[in-house]
Amino acid sequence: MLAEKQRVRLGASPVEVSPLGAGAWAWGDRLIWGYGESHDDDDLADAYGSIRASGVNFLDTAEVYGNGRSEELVGQFTAGDEDVVVATKFFPYPWRLFQTQLTRALRGSLERLKTRAVDLYQIHWPWPPRAPEAWVEALAEAVESRWTRAVGVSNFSAAQVRSAHRRLAERGIPLASNQIRYSLLDRQPETDGVLDACRELGVTVIAYSPLAMGLLTGKYSQERRPKGMNRYRTNGHNLERAERLLPLMKEIGEGHGGRTPAQVALNWLMCKEAVPIPGAKNAHQAKDNAGALGWRLTEAEVAALDQASAAAV
């Protein structure tokens, strides 16, 4: 498949990933994603097998996902897999005040991941009380100590991306990526300057929640709404917007050999030069996500989706 031949370089870092990745937020998360009820470790092992069989080599997790359980599972599944690229994230809890706490957090992640170094280490959020710049300095030290091959940020504004890029450059280290929420239902990065800043600086955009937490798959409707905590994240307004987009997505997908709405949504992001990281709780979902590879929307189709998405506000 395309993922086996093509790689996307994360910024100016040495790390290269498949054009499509996989997010491990649901791996171990009970509250939002129903780990232990809707899926278990066997399902996730099958999902990982399907992810790798498709040629996807990029897996993203975080220390807070499942309170560390996601990292443990990623470490278990990736053991001995030399081609896989693993990213994880540091969470700036309000009681974390010193740069050395990032180092300790990273060491904890490495222990759970069963590795000596991670491929990409990211600041999860630019939250107070510490200014993001303090954690950026600690990221630089992590690279210099060879605990990570590359560093990135997540949920950073345009100004914060520029500041992080500048501070890392002063240490001779590139800012590899900014992981942001980006999808056909959430196009704020296109208007708030974040995409412009990333493109100008050569920072790769990693798109999380690329399927709007399932709304762009077509599996939900007004009669079949999300359950559990997801019902608060996938509100009625966004569900209505998704329903207005789905007919066009299905039509476009049919023109590409019967691609699903989810595959169209993921391909749209790749056409925007982002690396989407959809979640997968089982092999079926992983296989469906991988169907976004190996083909490409036309410029006219991207424009049609842009217009329809903007109109479905």
Side-chain angles (χ1 to χ4, degrees), residues 1-8 10 17-27 33 47-48 50-60 85 87 177-190 195 198 204-220 233-234 238 241-243 245-306 308-309 312:
M1 292 185 67
L2 178 65
E4 297 172 327
K5 299 178 181 179
Q6 181 180 336
R7 290 290 184 260
V8 175
L10 296 183
V17 302
S18 47
L20 176 77
W25 183 7
W27 296 17
W33 294 109
Y48 181 75
S50 181
I51 288 166
R52 296 297 290 120
S54 72
V56 171
N57 79 329
F58 181 38
L59 200 61
D60 178 82
V85 175
S177 58
N178 185 17
Q179 185 177 145
I180 56 175
R181 187 172 60 232
Y182 187 23
S183 73
L184 274 166
L185 289 184
D186 194 338
R187 296 176 61 191
Q188 183 177 339
E190 298 177 359
L195 284 189
C198 289
T204 300
V205 169
I206 300 173
Y208 74 81
S209 293
L211 300 177
M213 300 191 76
L215 292 184
L216 292 171
T217 65
K219 67 181 179 180
Y220 297 126
R233 294 176 175 269
T234 52
N238 281 334
R241 292 176 60 212
E243 288 183 321
L245 275 173
L246 284 167
L248 175 61
M249 297 170 69
K250 291 176 180 178
E251 178 184 342
I252 290 175
E254 286 300 317
H256 288 275
R259 303 292 176 176
T260 66
Q263 291 163 359
V264 170
L266 295 172
N267 198 281
W268 176 84
L269 280 165
M270 288 187 281
C271 289
K272 297 288 185 177
E273 301 181 346
V275 178
I277 50 170
K281 296 188 288 187
N282 53 56
H284 174 75
Q285 290 180 352
K287 184 177 180 179
D288 188 64
N289 291 340
L293 294 165
W295 60 283
R296 190 173 180 86
L297 294 167
T298 66
E299 291 183 6
E301 288 167 340
V302 172
L305 288 167
D306 285 351
S309 175

Check against side-chain contact (heavy atoms from CB on, under 4.5 Å), L305 and L297: CA-CA 10 Å; L305 288 167; L297 294 167; 3.8 Å; yes
Test applied, side-chain contact (heavy atoms from CB on, under 4.5 Å); reference residue, P276; option that passes from N267, L269, N289: L269
Gap between atom OG1 of T204 and atom CG of N178 - 0.5 Å precision: 10.5 Å
Exceeds 12 heavy-atom contacts within 6.0 angstrom, atom CD of E190: yes
Main-chain N/O of Q179 paired to S177 side chain as donor or acceptor, under 3.5 Å: no
Within-4.5 Å side-chain heavy-atom neighbours: L20 and P278: yes
Spacing of CD belonging to E251 relative to CD belonging to E301, to within rounding of 0.5 Å: 9.0 Å
Interatomic distance, N238 atom CG to D186 atom CG [nearest 0.5 angstrom]: 8.0 Å
Spacing of D288 atom CG and S54 atom OG [to the nearest 0.5 Å]: 11.5 Å
Any L59 side-chain heavy atom under 4.5 Å of Y48 side chain: yes
Any donor-acceptor pair under 3.5 Å from W27 side chain to A280 backbone: yes
Side-chain H-bond candidate by donor/acceptor type, Q263 with H256, under 3.5 Å: no
K287 atom NZ, neighbour heavy-atom count above 12 within 6.0 Å: no
Residue from L293, V85, N57, I51 passing side-chain contact (heavy atoms from CB on, under 4.5 Å) with S18: N57
Greater than 12 external heavy atoms within 6.0 Å of R181's CZ: no
CZ on R187 to NZ on K272, rounded to 0.5 Å: 5.5 Å
From W268 atom CH2 to I252 atom CD1, the distance as rounded to the nearest 0.5 Å: 11.5 Å
